There are 2 protein chains.
Amino acid sequence: MERKTKQREAVLQVLLTENRPLSPPEILDVAQALVPRLGIATVYRAIKEFLESGDVVSVDLPGEGQRFEIMGKRHHHHFLCRLCRKLYEVNGCPGTLDALPPPEGFLVEIHEILLKGICVSCA
Amino acid sequence: MERKTKQREAVLQVLLTENRPLSPPEILDVAQALVPRLGIATVYRAIKEFLESGDVVSVDLPGEGQRFEIMGKRHHHHFLCRLCRKLYEVNGCPGTLDALPPPEGFLVEIHEILLKGICVSCA
DNA sequence: TAATAACTGATAATCTGATATCAATAGCCG
DNA sequence: CGGCTATTGATATCAGATTATCAGTTATTA
């Protein structure tokens, strides 16, 4: 990434304003309001560059494609709506998960919690 | 599923003896000890039938393909080793996850917790 | 503004996981 | 056992998600 283009700015802007993890097609949809002729390939290219630069991180979900969110948020988890498939942020964390002891000798480095249900706009 | 075949028995047997969620290729690997000429298509067919009959359930993981485990276990979560990518069962559950309140108006139906780290055989 | 090279958009190609095809095999029944 | 037909294995095909290609466009610098 050497030049500043409206396409890349749009991708980053969309991730900032939506403030939740977005899939590449979701990014495309929203960003086309800013750059009408934006193509999916450019979205993928921009994501790749932002991942390398560390401005964006990927969020993996069970049975869903990769989504991407702005780097630098504090530890948080996610809520997936089973109707609209939108992913939301959930602040807070139960902490050490002592209630969930792994088998003897296993080293837990990371925990991921995903809440599933129905979001407020689908309720 | 109308006939009893050694291929289908082998798939179910592997899931029972391994006692952790397995991917189709993992099932194939292990089951070929029981049925040497077993093919991947048959593994997929057997899984599909066991899913329909309810003998097997699928386990989705972030960024990983589907895995399958024997139905009827009690509520539990999983541990994924980041080195060998094997998935293990973790008994217990923190319960209601009150420490993780979703946004106002959101209805939580399911929670999934995935622990990641290093398993005992990779440590 | 002109030159240059990075960037873009449209689409083809690729990759991976899962399914369909089809001839050969093998349960199950009489 | 013999015949019927579900099942199998090898492989082709498909579906989707991501990446490569390449001609045209545009940001940058002098």
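Numbers restart at 1 for each chain; the letters A, B, ... are given by sequence-line order, proteins then strands. No experiment lies behind these values; they were computed from the predicted model shown.
For the pair A:K4 NZ and D:dT29 P, the interatomic distance rounds to 12 Å; values are reported in whole Å. B:L38 places its CG atom 15 Å from the P atom of D:dT11, with the value rounded to the nearest Å. The separation between B:F50 atom CZ and D:dT7 atom C1' is 13 Å, rounded to whole Å. Atom CD in A:E49 sits roughly 15 Å away from atom C1' in D:dT18 (whole-Å rounding). C:dA18 atom P lies 7 Å from atom CZ of B:F68, rounded to whole Å. Between the CG atom of B:L22 and the C1' atom of C:dG17 there is a distance of 17 Å, rounded to whole Å. Taking atom CZ of A:R45 as the reference point, atom C1' of D:dA20 lies 9 Å away to the nearest angstrom. In this structure, B:Q32 places its CD atom 13 Å from C1' of D:dT8, rounding to the nearest Å.
The nucleotide whose nearest atom lies closest to any side-chain atom of B:V35 is, among D:dG9, C:dC7, C:dA10, D:dG9. Here D:dA6 is the nucleotide among D:dT18, D:dA6, D:dG9 with the atom lying nearest to any side-chain atom of B:E2. Nearest nucleotide to the A:Q66 side chain, out of D:dT18, C:dT8, C:dA18: D:dT18. Relative to the side chain of B:R3, the nucleotides D:dC4, C:dA20, D:dT19 differ in distance, and D:dC4 lies closest. Ranking C:dT19, D:dT8, C:dG9 by closeness to the B:Y44 side chain, first place goes to C:dT19. Minimum atom distance to the side chain of A:K6 is reached by D:dA27, of the listed D:dA27, C:dA6, C:dG9. Picking from D:dA20, D:dA10, D:dT8 the nucleotide with the shortest atom distance to the side chain of B:Q7 gives D:dT8. Closest approach to the A:T5 side chain among C:dA18, C:dT11, C:dT8 is made by C:dT8 (side chain taken as heavy atoms from C-beta onward).
Along DNA chain C, the nucleotide nearest to B:A41 and the one nearest to A:A41 differ in position, and the one closer to the 5' end is contacted by A:A41.
When each of B:L15, B:L87, B:V56, B:V59 is tested with B:E69 by the rule side-chain contact (heavy atoms from CB on, under 4.5 Å), just one qualifies, namely B:V59. Results of the side-chain contact (heavy atoms from CB on, under 4.5 Å) test with B:P24 over B:V43, B:D29, B:V11 single out B:V43 as the only residue that passes.
By the salt bridge (Lys or Arg N to Asp or Glu O under 4.0 Å) test, B:R20 is found to be paired with B:E18, B:E26, residues two or more places apart in sequence or in another chain being considered.
Side-chain atoms of B:R8 stay outside donor-acceptor range of the base of C:dG27, with no qualifying N/O pair under 3.5 Å. Under 3.5 Å, the side chain of B:R37 and the base of D:dT8 form no donor-acceptor pair of N or O atoms.
The backbone N or O of A:Q32 sits nowhere less than 3.5 Å from a side-chain atom of A:R37 that would complete a donor-acceptor pair. Side-chain N or O atoms of B:H111 include none that pairs as donor or acceptor with a backbone N or O of A:L115 at under 3.5 Å.
At a threshold of 4.0 angstrom between heavy atoms, the contacts of B:I40 with the nucleic acid are absent.
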